[in-house]
Undergrad: 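One structure, pasted below without further comment.
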Amino acid sequence: MMKLPVIRHIGVFTSGGDSPGMNAAIRAVVRQGCLCGLQVSGIIGGYDGLVKGDIRPLGPRDVSNIIQRGGTLLRSARSDAFRTVEGRRQAYATMVKHGMDGLVAIGGDGTFTGAHLFFEEHGVPVIGLPGTIDDDLAGTDHTIGYDTAVNTAVEAIDRIRDTASSHDRIFFVEVMGRDTGYIALACAVAAGAEFVLVPERPENIDDLVRSIGGSDGMKSSSIVIVAEGEEEGGAFTVSKKVKARLPNADIRVTVIGHIQRGGSPSVQDRILASRLGVAAVDALMAGNSDSMAGVRNGRIVLTPFAEAIGERKPLDTDLFRVLSVLAT
Ligand code: F6P
């Protein structure tokens with residue numbers, strides 16, 4: 001029979017771009033860890049904290065009053081040191097020094113790439129939680145922070161629509177998502193936009209111009225959602241190309257930017273983060289490792305890191321159809 005590693009002391013950290021709901025996930029990991037009799041430590045500043053040994057003990061009361069807060073109590077970073085073999089060796093030395101025998105890593109694909117290497121090189125049991133607004137991880141229907149980010153962006157776009165219609169303008173609104181279009185597509189449908197540009201589906205600018213025209217002549221105002229990673233080069237570039245074809249159009253550009261990353265997490269993100277935080281501790285104690293915990297079709301599932309970061313989750317093609325029907 002396979003011998004399960006004995007887990008007595010776990011470390012939890014957040015890494016990469018922060019996302020709303022990370023605090024709720026930390027809270028769940030700490031409380032479930034303590035309830036299971038584990039010692040729990042917070043690692044400050046992502047992998048850098050592990051490399052430098054910035055570790056603090058966390059108990060159930062240390063995570064009071066954070067479920068509703070955006071950002072991350074443990075702070076976050078993208079670590080250059082952990083990308084090196086020597087950095088990971090130092091991180092392992094920190095774990096040995098503090099007697100930590102398991103990790104919960106909350107972040108996105110960069111975080112899991114590091115966690116996978118750490119597991120392969122040092123055999124450290126590690127479970128990942130999908131914490132990113134980008135929603136770009138296979139193995140979970142949604143990531144922690146995505147729902148809040150989309151709601152924040154849609155609220156902003158609703159305001160833009162008010163002023164767009166008052167002035168008969170075309171607005172190009174750029175949203176985040178790195179090299180993916182999950183946020184952009186959801187925003188486009190939810191905000192009733194005329195068109196969306198995403199990296200996964202390059203579009204023809206002439207089609208975009210036709211769409212702004214509408215089925216019964218030029219619309220008085222239009223909203224075009226542009227994913228930051230789309231191939232034309234972003235909202236400003238696209239707007240210039242459209243202006244060249246529609247010289248009389250009154251065009252404005254808004255880049256929503258990091259506003260999408262902050263703010264109090266939505267109910268959906270709080271629940272997802274809470275479920276996954278508990279699941280991560282359960283998974284470690286049951287002897288699992290090198291995997292991300294996610295929720296698919298309402299159920300907790302573990303997906304190996306290699307799959308979660310290696311496979312591309314497809315965009316929902318039905319949403320494109322719905323958008324084009326409703327934008328007529
Ligand atoms: O991965 C989250 C994300 O917000 C992306 O959508 C965006 O491309 C990137 O991080 C921005 O990173 P930074 O905060 O380093 O500017």
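As the structure lists them, so they are numbered: ligands from 1, and atoms in each ligand from 1.
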Undergrad: How far is atom 15 (O) of ligand 1 from its nearest protein heavy atom, and which residue and atom name does that atom have?
TA: R78 NH1, 2.6 Å

Undergrad: M176 heavy atoms, cut-off 4.0 Å: which ligand 1 atoms fall inside?
TA: 4 (O), 6 (O)

Undergrad: At less than 4.0 angstrom from any non-hydrogen atom of G177, what atoms of ligand 1 do you find?
TA: 6 (O)

Undergrad: Output yes when a side-chain donor or acceptor of D62 lies under 3.5 Å from a complementary backbone atom of G59, and no otherwise.
TA: yes

Undergrad: Just go through D134, D109, I133 and tell me whose heavy atom is the nearest to atom 5 (C) of ligand 1.
TA: D134

Undergrad: State the atoms of ligand 1, each with its element, that fall below the 4.0 Å cut-off from a heavy-atom position in H258.
TA: 13 (P), 14 (O), 16 (O)

Undergrad: Are the aromatic rings of Y47 and F118 close, with centres under 6.0 Å apart?
TA: no

Undergrad: Using atom types as modelled and distance alone, determine if a side-chain donor or acceptor of S291 lies under 3.5 Å from a backbone N or O of S289.
TA: yes

Undergrad: Below a 4.0 angstrom heavy-atom separation, can you tell me which part of Q260, side chain or backbone, both or neither, approaches ligand 1?
TA: neither

Undergrad: Among protein heavy atoms, which lies nearest atom 4 (O) of ligand 1, and at what distance?
TA: R261 NH1, 2.8 Å

Undergrad: Look only at the side chain of R169 and the backbone of S165, and say whether a donor-acceptor pair between them is shorter than 3.5 Å.
TA: no

Undergrad: Starting from atom 9 (C) of ligand 1, what is the nearest protein heavy atom, named by residue and atom, and what distance separates them?
TA: R178 NH2, 3.6 Å

Undergrad: Check whether F171 forms a cation-pi arrangement with R161 (NZ or CZ under 6.0 Å from the six-membered ring centre, at most 45° off the ring normal).
TA: no

Undergrad: Taking all non-hydrogen atoms of both residues, which atom of D101 and which atom of I7 are closest, and how far apart?
TA: O-CD1, 3.5 Å

Undergrad: Which atoms of ligand 1 have any heavy atom of E228 under 4.0 Å away?
TA: 5 (C), 6 (O), 7 (C), 8 (O)

Undergrad: Within the side chain of N288, is there an N or O that forms a donor-acceptor pair under 3.5 Å with the backbone of L284?
TA: no

